[in-house]
Structure formats: C-alpha cells, structure tokens
Amino acid sequence: MIEHTYQVLEYHRLLNILSHYASCQLGQSNCLSLKPSNDAKYIDNELSLVSELRLLLKVKGFVSFSEVTDISAILKKSGTDGSCLEPKELLCVFGLAQAGRQSKKFLGSNRSLCPGIYGLVSDMADCGVLIKAIGDTISLSGALKDSASPVLKKIRRKKIRLRSDLEKGLQRIKDSAGLPVDGQDHLVTVRDGRYVISLRTDKKSRIQGIIHGYSKTRSTCFLEPVDVIQDNNRMAELAQEEKAEEFRILIGLTGTVSDFSRDLDCCQALISRLDGLYARARFSENLSCVAPEVDEEGGIELIGARNPILMALALEARERGERTEFPVSVGISIDGDRNGLIISGPNRGGKTVALKTLGLMCLMVQAGIHVPADEGSRFPVFNQIMADIGDDQDIQAGRSTFSAHAAHLKYLTESADRKSLAIIDEPGMGTDPDEGVALAMAVFDSLCRRGTFVAVSTHLNRLKSYGLLNPRVLNAAVEFDLKKNRPTFRLKYGSPGISHALEIARDVGVPANILDRAKGYLDNDEIRLNRLIEKLNYLKLETERERREAEEAKRTYQDAEKEIKNKLTSLELEERTLIEKKRVEAETAIKEAREELRQAVNLLKKNKESSQAYVSQRYGEIGRRLLGQIESTKIETSPAGLKQIEKGQMVYHSRLKQKGTVLSIDSSSGRAQLMLGKVKMFAEIQDLEIVKGVKEPGTDEVARPVSWGFKGLPARELNVIGYRVDDAIPLIDKIIDRALVEGELTLRIIHGFGTGRLRKAIREHLKGVSFVKSICSADPKSGGDAITVVDLS
C-alpha cells in the first residue's frame with residue numbers, strides 16, 4: 001500500500017523534479033532517496049536546515065559541486081591489493097576532497113547564518129595531505145608533473161636531450177645522403193616509439209637502415225638509419241624507466257587514497273547531503289515555499305496550498321516562453337474534533353487535485369521538504385499515509401475497478417489508527433450506487449471513530465447528506481461559477497457542492513435535445529436536494545458577508561479603543577516622569593540650602609555677635625532662593641495645536657521626553673522642525689506640548705543642551721537570528737530609538753526564515769510602533785522574507 005500511495009500521489013515524480021535542482025550526481029541521488037519520517041525532531045531539523053541554506057543562498061550564495069563525481073568504485077579499487085589508480089581517477093578523488101574542504105571553510109565563515117548546516121560539516125576530516133599529494137603530482141589534464149619525483153624529472157630531462165640529439169643526427173643523415181628537397185618527404189617522425197625518416201620508397205636504398213613500415217599506398221616508407229639505432233634503443237630504455245617511475249608514483253598515491261578512504265567516504269556522504277539540501281533550498285525558493293509548523297498531536301491546516309508538481313510544470317513552461325497559469329491555491333483543514341473531510345462539487349473542479357495536494361504535501365513535510373503554501377500552514381506527524389485514487393483495474397489479474405477499491409478499503413480498515421491519514425477518491429464507485437455509498441459510509445464511520453484523518457471526494461448525494469448529519473465530518477464544496485458555467489477550483493467549507501453534470505456537458509458541446517431529455521429522467525428527490533444545497537450555499541455566502549462586515553466594524557472599534565488607551569497611558573507616564581524630574585530638582589535645591597544653612601550656623605557659633613547680622617542676611621537669601629526654586633518646578637504644559645504653536649516657542653516632546661525649540665512649521669504635513677539640544681529633528685505637532693512658565697533660550701539664560709551619545713556605527717541593520725521573541729523585541733526598540741536620533745530612516749532586521757514565528761512577532765510589534773511608517777520584506781535577491789525592511793517617519 002505504501003508504494004501504491006507513492007504512485008497515485010506521484011511522490012517519485014516530485015522527487016525527480018526536486019533532483020533537477022541539485023548540482024551534481026551525488027545530490028541527485030540524495031534527493032531521489034528521500035523517504036518520509038515519523039520522527040518529529042528529525043522533521044523539524046530537516047526543515048530548519050533547508051531554511052538556513054535558503055537564507056544563505058540569498059545572502060552569500062553557496063559553493064559549487066558541479067565537478068564532483070561519485071568515487072565509491074575508486075575507493076573500493078584503491079583498497080584492492082596490487083591495484084593502481086589512473087591519473088583521471090585520482091583527479092576525481094582530488095576534486096571531491098577539495099570540494100569538501102571548500103564547503104567547510106565557506107560554511108565556517110558564515111556560521112551565524114547557518115549554524116545547523118555548519119554543525120553537519122564541523123567534524124569533516126581535512127584531507128589536506130591527500131589534496132597536496134595529488135595536486136603536486138598530477139596536472140589538471142591528467143598528466144604526471146615533472147616535479148612528481150626527482151627521478152622522474154631526471155629521466156624526462158635525459159629524454160629531452162636525447163630527442164634533440166636524435167633529431168639533429170637524422171637531419172645530418174638526410175643532408176649527407178643528398179636527397180632532393182620535397183615538402184612531403186624526408187620528415188622526422190616516430191614509429192613504434194622509435195625516431196625514423198619518412199622518404200619515398202624508391203629512394204630507400206640511399207640510406208642504410210631498418211624499415212619500420214609503409215604508408216597505405218606504399219609510396220612512402222619509414223626508415224630508421226643504422227647510425228641512430230643505439231640512440232633509439234636508449235630512448236626506449238628511458239621510456240621504460242619513465243613508465244616504471246610513473247607507476248611507482250601512482251602506486252604510492254593509490255596507497256594514500258586507501259589510507260584516507262574512510263575520511264573520503266564520509267566527505268562524499270556529507271557533500272551528497274549538502275547538495276541534497278541545496279536542491280531542496282532552490283526548489284523552495286523557486287516555488288515560493290514555506291517551512292510549515294509541525295505539531296505531532298495537532299490537525300492539518302493548509303493555507304493557500306498549490307500542487308507542487310503543477311507548480312513545477314508551470315514554471316518549466318514559462319521558462320520555455322509558453323504562456324501558462326499557475327495552479328489555483330486551496331485551503332484544506334482537518335482537526336481532531338472533525339477528522340473527516342468530504343469534498344464534493346462539479347467534475348473538472350479540482351477535487352482529485354486537492355486530495356493529491358493534501359497527501360503529497362504531508363509526504364513532503366515528513367521528508368523534510370518545504371511546501372508551496374502560505375505562512376501558518378501546519379501538519380501533524382503521521383505513521384501512515386494511505387491513498388486510494390484513480391482506476392486500479394487489472395484485466396490480467398481478473399480484478400475489476402470495484403474489486404481493487406474494495407481491497408484498498410479492506411487494508412485501510414485493518415491498518416489505520418489515530419496517527420494515520422486516509423485519502424479516498426470517489427469511494428463506492430464501480431458498483432451499484434446504493435450499495436457503494438452504504439459501504440463508503442460504513443468505512444467512514446469506522447475510520448472516524450478511531451481518530452483517523454480521512455479525506456474523500458464524491459458525487460453521491462447520500463454521502464453528502466451523511467456529511468451534514470455526522471458531527472465528526474466537515475463538508476467542503478468546489479465553487480462553481482454559474483455565469484461562466486465552470487468551476488473556480490476553490491474550496492468553500494460548511495456545505496456540500498452540486499455536481500453540475502448537465503451544465504458541464506453543455507459546456508463541452510453535448511446537444512441541447514439530449515440535455516433536455518436527461519433533465520426529464522432526473523429523480524425529483526435529487527432535484528429538490530440539489531436546490532436545497534444551492535439555497536444553503538447562498539445563505540452561507542450571505543452570512544459570511546455579514547460576518548465579515550461585523551468583524552470589520554468590531555476591529556475598527558477595537559483599534560480606536562486601543563489608540564485611546566495608549567494615549568492615556570502615554571499621558572500618565574509623561575505626567576509621572578515630569579513630577580519625578582521636578583521632585584529630584586527640588587530635593588537637590590533643599591539639600592544645597594541645608595548645606596549653606598549648616599555653614600552659616602557654624603559661622604554663628606564661632607563669632608557669636610559679629611556674625612549674627614551676616615547669618616540673618618544669608619538665611620533670608622537662602623529662603624528666597626529656595627522658594628523661587630520650588631515655584632519654578634510648577635511647569636505647566638498644554639497640548640500644542642497647529643494654530644497655537646509658533647516659531648521660537650519652547651515645547652515638550654511627549655514621546656522623546658525632551659524639551660526643545662521650534663525652528664519651523666510645516667502646516668501641510670502637520671509636522672514641525674525642532675532643535676533638541678544640538679540635534680535637529682522633525683516631529684508630529686500632536687506629540688508637542690507648549691511649555692509655560694519657562695523662559696525661552698536666548699533671553700536670560702541658556703538652555704541646557706541635550707546629549708544623545710551612542711557608540712559604534714550608525715544604526716542601519718540588526719541581526720536577531722537565534723534570539724527568542726522576548727529578547728529580540730527590546731533590541732529592536734533600542735535600534736529604532738537610536739536610528740531616530742542619528743537620522744537613519746531605514747533599518748534592516750535580519751531574522752531568517754525558521755518557522756516564521758519570530759518574523760511574525762517582530763512585524764506585529766512594529767505595526768504598533770508610532771515612528772514606523774511602513775514595513776516590508778527585502779528584495780528577493782537580498783534576503784526576501786528572511787529580512788524585514790523598516791521605514792521610519
């Protein structure tokens with residue numbers, strides 16, 4: 001049944017599409033070997049690794065494995081006694097070892113973006129000794145370098161000198177023989193490893209020597225003069241010595257490869273895994289996939305799901321320049337309380353595609369592959385995923401369509417439990433409709449009672465009615481556009497759908513007289529049921545519209561209430577801050593006055609009579625100054641309106657908790673430019689309050705400067721990958737404050753993909769920050785959804 005499920009859900013076809021995104025054969029094999037797991041921790045880890053590599057690809061790219069080949073056979077050969085690896089085989093080993101070292105170095109330098117993936121390769125053995133040995137010995141063309149050994153270098157130098165002597169000797173022999181000049185004659189060439197002269201056959205008697213062969217027409221012969229036989233013999237000896245030395249070097253390298261065979265085998269396995277993850281990351285990016293949430297005990301919540309195979313085919317068609325549409329997204333929901341789903345509606349409406357999408361995505365998630373759906377999609381972990389889809393008739397086995405379906409239903413009822421997913425397309429078909437639907441309902445009852453997740457498609461009205469009466473079953477209908485007489489491929493929950501068989505038959509061209517006669521054969525009860533279903537769907541749409549309007553009104557009210565509460569909280573905090581500030585100032589003034597009084601009393605004790613008048617005078621002055629200080633703490637503020645505020649006025653910024661002077665006013669935008677100490681900035685007029693009872697700077701006293709000091713570079717970017725939400729939010733608030741002071745109006749917050757929880761929490765928080773003008777994802781080439789770009793006002 002498992003292989004049958006893979007076949008009908010086209011799981012192997014999906015893996016084949018996925019393998020095309022790998023860069024080498026090892027990665028392709030890794031993709032094709034992916035199997036669903038029921039280990040929740042393994043699934044979470046695999047999905048996280050794909051998210052990390054996807055982010056790494058966007059921000060930094062990745063190393064290439066395109067030149068890496070499978071060296072399993074080479075490693076086996078290296079371990080065989082007396083074997084000798086060829087230079088080309090050694091170059092394959094060199095390429096794999098080099099790729100392993102490069103990938104480890106690259107991932108190490110970017111471990112902050114991909115800590116999980118770096119953990120895979122952190123213990124990878126460094127085959128530096130082997131890389132150096134092969135690199136110093138064999139050139140990229142596959143030839144042994146002269147520097148491979150001193151002996152080889154010496155032999156090759158001797159060969160070069162001897163070859164030069166031979167060529168000169170042969171030239172002298174030609175000249176002394178007095179042979180006439182001929183452009184195609186008397187050439188020095190090599191035959192069977194010996195240097196010879198090519199000359200016309202009728203002139204061979206002019207030079208004494210050995211004939212080593214003739215041309216095809218026998219008009220030319222290849223002659224080795226007697227005078228060079230000894231040198232040719234020496235050249236042959238040097239060639240043998242060279243070959244023997246090369247063999248000795250290759251034997252040594254083969255032994256080194258054998259010594260590193262375990263490390264190389266581990267390196268190859270890791271490269272296969274990395275390239276497989278690379279393929280999954282590219283697949284995820286190209287198909288706009290997400291890493292769903294995995295909840296072992298939860299339900300299925302597919303949001304905006306698109307069939308991955310149809311998506312891939314549409315992308316391929318567009319790459320070829322063809323005009324094609326992407327598959328329509330569907331939402332599929334099954335939970336523990338209502339663990340049965342019945343999908344009904346017209347033919348060609350996408351019921352079977354919806355079932356295949358559900359089953360295939362469950363397999364993908366449990367194999368560690370991102371799914372083409374929207375954020376918030378979640379899946380449980382199933383021990384079994386079983387599907388019965390399509391016509392499984394087998395004439396040779398004498399098995400009818402219904403017999404095959406019955407056999408599958410038998411397996412489902414025997415094997416399914418609460419950790420299983422059963423997908424059935426058109427149960428009860430291929431036999432008497434009454435008996436078929438009765439069997440389908442009985443199987444449905446059995447599976448639902450066990451807690452098995454069940455999803456079926458049907459055209460049978462009795463099965464639709466069963467879904468309406470069963471509290472554990474949820475009905476869903478494929479929408480049908482009555483104006484255009486065609487389905488929309490979208491699912492609507494809460495009521496069944498009508499097959500619209502006659503409308504679709506008319507659409508494909510069935511004659512009208514046939515359709516009219518067909519209507520006459522329809523059962524009146526079936527007609528009434530279809531009309532009731534249509535009325536139910538209409539009422540449901542109206543109710544849904546009214547519910548949306550009520551929710552929108554409620555949301556507007558809640559937003560206004562929240563805004564008012566925030567303003568009240570801000571005003572209260574502002575008041576408490578101002579009171580505390582003035583209390584501290586008053587305490588400081590009292591403390592200073594007490595100190596002066598203490599000094600005056602001490603002076604009075606020393607000079608009792610002569611200082612009495614002086615002390616009385618000082619006491620009066622201190623009292624008057626203290627009263628003046630206390631009076632000055634009573635600062636009144638009033639909200640600044642657009643007409644009240646003026647250039648040069650002293651105002652209090654309620655959000656920044658600072659006083660400043662108005663430099664200019666922009667009435668059109670409702671903003672004013674302020675000087676806060678040495679800092680110029682723009683502020684909303686509604687955030688300003690006119691300060692009363694305080695002199696403006698430049699009259700009798702100089703305003704105290706505001707100091708806003710920060711260390712380090714300007715605030716432009718914050719990396720919160722690996723932080724919890726509670727730790728990340730305070731950091732974001734700090735960098736926003738810092739950016740406002742430093743005049744940086746655009747921030748980049750790097751949070752990665754992960755499960756999407758951190759990104760969602762950050763963006764929800766930013767929506768409530770008053771200084772945030774807009775938030776959006778970064779450009780796809782610069783990080784996409786892994787980075788949030790914040791514009792400040």
Side-chain angles (χ1 to χ4, degrees), residues 82-94 131-257:
S83 63
C84 179
L85 296 179
E86 298 295 328
K88 294 292 185 183
E89 294 173 322
L90 289 167
L91 283 179
C92 290
V93 174
F94 175 81
I131 293 171
K132 187 176 189 312
I134 298 176
D136 290 347
T137 303
I138 302 175
S139 66
L140 295 179
S141 63
L144 266 68
K145 298 179 179 178
D146 292 348
S147 58
S149 77
V151 174
L152 183 62
K153 187 174 184 180
K154 184 177 180 181
I155 291 172
R156 287 181 174 177
R157 283 182 176 177
K158 288 181 179 179
K159 283 183 66 178
I160 291 171
R161 288 196 298 268
L162 185 56
R163 180 167 57 246
S164 177
D165 293 342
L166 275 167
E167 290 174 350
K168 289 178 182 178
L170 290 171
Q171 186 62 45
R172 285 196 302 271
I173 292 171
K174 288 192 301 178
D175 295 341
S176 62
L179 297 172
V181 178
D182 189 338
Q184 297 181 354
D185 213 349
H186 322 315
L187 299 175
V188 175
T189 186
V190 179
R191 297 284 288 189
D192 300 326
R194 304 182 74 84
Y195 284 82
V196 297
I197 299 173
S198 62
L199 71 164
R200 288 171 53 181
T201 304
D202 57 353
K203 298 177 182 177
K204 63 183 179 180
S205 59
R206 294 195 179 187
I207 301 175
Q208 186 179 3
I210 301 171
I211 301 296
H212 282 273
Y214 294 88
S215 64
K216 290 183 180 181
T217 60
R218 297 189 68 82
S219 61
T220 302
C221 66
F222 302 97
L223 183 142
E224 179 185 7
V226 174
D227 293 345
V228 298
I229 288 176
Q230 187 174 356
D231 287 341
N232 266 329
N233 289 342
R234 179 57 183 154
M235 182 64 77
E237 291 173 359
L238 288 174
Q240 288 295 326
E241 292 176 11
E242 180 185 27
K243 188 175 181 181
E245 180 61 16
E246 288 179 348
F247 182 76
R248 186 192 67 78
I249 294 169
L250 292 176
I251 284 289
L253 287 177
T254 301
T256 306
V257 171

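- The number of heavy-atom neighbours closer than 6.0 Å to CZ of Arg157, taken from other residues, nucleotides and ligands shown, is 12 or below.
- The distance from the CG atom of Leu85 to the CD1 atom of Ile134 is 8.5 Å, given to the nearest 0.5 Å.
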Got a list of side-chain donor-acceptor pairs under 3.5 Å for residues 141-148, not counting sequence neighbours?
from: Ser141; atom 1: OG; to: Ser139; atom 2: OG; distance (Å): 2.9
from: Lys145; atom 1: NZ; to: Gly135; atom 2: O; distance (Å): 2.7
from: Asp146; atom 1: OD1; to: Arg156; atom 2: NH1; distance (Å): 2.6

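- Within the 4.5 Å cutoff, side-chain heavy atoms of Ser149 are placed close to those of Arg248.
- Contact check on Arg234 versus Glu237 returns a salt bridge, with a Lys/Arg side-chain nitrogen under 4.0 Å from an Asp/Glu carboxylate oxygen.
- Side chains of Leu253 and Thr137 form a contact here, defined as non-hydrogen atoms less than 4.5 Å apart.
- Atoms CG and CD1, on Asp227 and Ile207 in that order, are 10.0 Å from each other to the nearest 0.5 Å.
- The side-chain contact (heavy atoms from CB on, under 4.5 Å) test applied to Ile211 returns Lys204, Tyr214, Cys221, Leu223, not counting sequence neighbours.
- The main-chain N or O of Arg218 is found under 3.5 Å from a side-chain atom of Thr201 such that the two form a donor-acceptor pair.
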ask   = So Glu224 and Ile197, side chain to side chain contact (heavy atoms under 4.5 Å, CB included) or not? Walk me through it.
value = CA-CA 6 Å; Glu224 179 185 7; Ile197 299 173; over 6 Å; no

May I have the list of side-chain donor-acceptor pairs in residues 159-169 shorter than 3.5 Å, sequence neighbours left out?
from: Lys159; atom 1: NZ; to: Glu242; atom 2: OE1; distance (Å): 2.6

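- Minimum heavy-atom separation, Cys84 to Ile251: CB-CD1, 3.7 Å.
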For Arg194 and Val228, what are the C-alpha separation, side-chain angles and deciding distance, and is it a side chain to side chain contact (heavy atoms under 4.5 Å, CB included)? CA-CA 10 Å; Arg194 304 182 74 84; Val228 298; over 6 Å; no

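- Considering NE2 of His212 and CG of Asn232, their distance stands at 7.0 Å, rounded to 0.5 Å.
- The closest donor-acceptor contact from the side chain of Ser219 to the backbone of Ser215 lies at 3.5 Å or more, if one exists at all.
- Between the CG atom in Asp136 and the CD1 atom in Ile131 there is a gap of 11.5 Å [rounded to 0.5 Å].
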**OP:** Evaluate the side chain to side chain contact (heavy atoms under 4.5 Å, CB included) criterion for residues Leu90 and Val257: first the C-alpha distance (whole Å), next the side-chain angles of each, then the deciding distance (0.1 Å), finally the verdict.
**Re:** CA-CA 8 Å; Leu90 289 167; Val257 171; 3.8 Å; yes

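- Minimum heavy-atom separation, Pro225 to Ile173: CB-CD1, 3.5 Å.
- The OH atom of Tyr195 sits 4.5 Å away from the CE atom of Met235 when rounded to the nearest 0.5 Å.
- From Phe222, atom CZ reaches atom CD1 of Ile210 across 16.0 Å, with rounding to the nearest 0.5 Å.
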